[in-house]
There are 2 protein chains.
Amino acid sequence: MTVHEHGGCSTRVDDFPYRAVPEAAVGRLAVYLRVLTSMIEHGVSTMSSEELAGAAGVNSATLRKDLSYLGSYGTRGVGYDTARLVEHIERLLGLTRHHSVAVVGIGNLGHALANYRGFPDRGFPVTALFDLDEDLIGVPVGGLPVDHVDSIPAVCKEREVTIGVICTPSTAAQWVCDLLVAGGVRCILNFAPVVLQVSEDVEVRRVDLAVELQILSFYQARRCAGAAPVAQPVDSIAVGR
Amino acid sequence: MTVHEHGGCSTRVDDFPYRAVPEAAVGRLAVYLRVLTSMIEHGVSTMSSEELAGAAGVNSATLRKDLSYLGSYGTRGVGYDTARLVEHIERLLGLTRHHSVAVVGIGNLGHALANYRGFPDRGFPVTALFDLDEDLIGVPVGGLPVDHVDSIPAVCKEREVTIGVICTPSTAAQWVCDLLVAGGVRCILNFAPVVLQVSEDVEVRRVDLAVELQILSFYQARRCAGAAPVAQPVDSIAVGR
DNA sequence: AGGTGTGAACATGTTCACAGCG
DNA sequence: CGCTGTGAACATGTTCACACCT
């Protein structure tokens, strides 16, 4: 048990009245939220599990089970009230709180994320940018001036940053991470291809874009190999579908 | 079984002589590969499962099991030969083949990915860029001129693109995806927050950055709630509300 | 009828613990 | 002795199938 973990646990306390939510369900709930929001914009006020599951790309039983973690907000024979679901998913995901994002490392990726509409549009305003490069300090990127990494702790506290996004080179990632934590940040999205060392009260998610490509590469390799011209002997568990 | 899936299956054919690899192991193998490459650069020629697992942020038993899918390339009492492992992981992941990446949608994110060093550095040269905007066509981004999306099928065939990266707005994503598939692309990395509809011989991975933030938000919300000063009554697994 | 909510079966993934090799 | 490789136990996640409500 080296690194911190979180099974599907949850306590019942005041503003977080939901029962245990499995890790895997959390990610899907965020997807349902996006689909629902878009459906509401199109005037849809009710959806069946089948419809919503189709739009989210999951099995309808999985979807119903996921929604059951919110409580029973569906109507049998009818479906789910879209607005009501949105409300509860947002509550479960903690989106009713204020969130404020800091991006560290204003290179190609950091620059893009600082300007990325998807963040503010979905409730995550970017309120601080940091870099080491003196030439960048003070330069506005997406309307926000870049601060020096040394000021991370102070600025994060002042602007109540809740999420730090690390887009620095690998070598700087751990250092920057420690600075963010010193500034009170407890949630970190890490684009640098290193495993960050943090205390158990800090949550880190890593996104390694090259790893994504490598996984795709694997499936392509396997597909070509699997595409043997001979009929499959059914006794071997191999490739099916 | 609506959507395509891939259990940990694999056939033994000529150039793909590895046994079944579980889905979850594939992603980790890509991580081990990065760690190993970096270790080799630092002159490390042998590593124990404990060391490698630590650097990759996983349990050592998990690591050994993952590596066992490659075959038995460790030495008992000693550890693993780093160079040999790299070789085999690369082979398993299909990285010995030529890969060529096309980025579609040269907005903030597309621009960043076109310039992202992590792609070419890890064996994925970007060889084509596409956008709809007439003002962008022909403009070089990262040394490569942008082509019109209409030319996707032709250009992808010509440059033997194997992986397409979609950074367009959601509304254009399915259309662009179909164009890529028409151009022979069978692996797609999708940054648009929509579920792409593809035939089963196309592999899609989605990266939804806002969903990542929402997952972080959830854990922070839960942590605050869970940080109740009272000891947990274990008997009540109770449901909220 | 029509669709939710969920126990139970199944599938996948992770960790333990130790035999056995170098 | 030390560390790999792996069966078996455990944990998590997914899907089925149907009772039950509207």
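The figures that follow rest on heavy atoms only: side chains count, while hydrogens, waters and symmetry mates do not. Here is the naming used below: chain letters follow the sequence lines, and residue numbers restart at 1 for every chain.
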Spacing between B:E50 atom CD and D:dC1 atom C1', to the nearest angstrom: 16 Å

Proximity to the side chain of B:S49 - top-ranked nucleotide from D:dT4, C:dT4, D:dT6: D:dT4

Distances under 3.5 Å between protein N/O atoms and the N/O atoms of nucleotides 7-10 of chain C, please, pair by pair.
residue : atom : partner : partner atom : Å
C:dG7   : O6   : A:K65   : NZ           : 3.3
C:dA8   : N6   : A:K65   : NZ           : 3.2

Lys/Arg-Asp/Glu bridge criterion (N-O < 4.0 Å) met for A:D208, B:R122: yes

Below 4.0 Å: OP1/OP2 of C:dG5 and any side-chain N or O of A:Y80: yes

Distance-minimising heavy-atom pair for B:L93 and B:A30: CD1-CA, 3.9 Å

Under-4.0 Å side-chain N/O to phosphate OP1/OP2 contact, A:T62 with D:dT14: no

Whole-Å gap separating P (D:dT4) and OH (B:Y69): 16 Å

Donor-acceptor pair between A:S49 and A:R64 side chains, under 3.5 angstrom: yes

Could you go over nucleotides 17-22 of chain C and give all protein N or O partners under 3.5 Å, atom names and distances?
residue : atom : partner : partner atom : Å
C:dA17  : N6   : B:R64   : NH2          : 3.2

Aromatic plane relationship, A:H88 with A:Y73 - under 30° parallel, 30 to 60° tilted, over 60° perpendicular: parallel

Touch class at under 4.0 angstrom, heavy-atom based, for B:Y73 against every strand present: sugar-phosphate

Any side-chain donor near an acceptor of the partner, B:H99 and A:S217, under 3.5 Å: yes

Option passing side chain to side chain contact (heavy atoms under 4.5 Å, CB included) with A:L36 (candidates A:L52, A:V44, A:V31): A:L52

B:A20 versus B:Y69, closest heavy-atom pair with distance: O-CD2, 3.6 Å

Separation of atom CG in B:D81 from atom P in D:dT4, rounded to whole Å: 13 Å

Given A:E203, A:R205, A:E23, A:R186, the one that forms side-chain hydrogen bond (donor to acceptor under 3.5 Å, both in side chains) with B:Y219: A:E23

Presence of B:N59 side-chain N/O under 4.0 Å of C:dC16 phosphate oxygens OP1/OP2: yes

Atom pair distance, as rounded to whole Å: CG in A:L52 and P in C:dG3: 14 Å

Side-chain heavy-atom pair B:T46, B:Y80 within 4.5 angstrom cut-off: no

Separation of atom CZ in B:R28 from atom C1' in C:dT14, rounded to whole Å: 8 Å

Length of the CG-P vector between B:D66 and D:dT6, whole Å: 13 Å

Distance in angstrom units between A:R84 CZ and C:dT4 C1', rounded: 13 Å

Length of the CG-C1' vector between A:L67 and C:dT6, whole Å: 13 Å

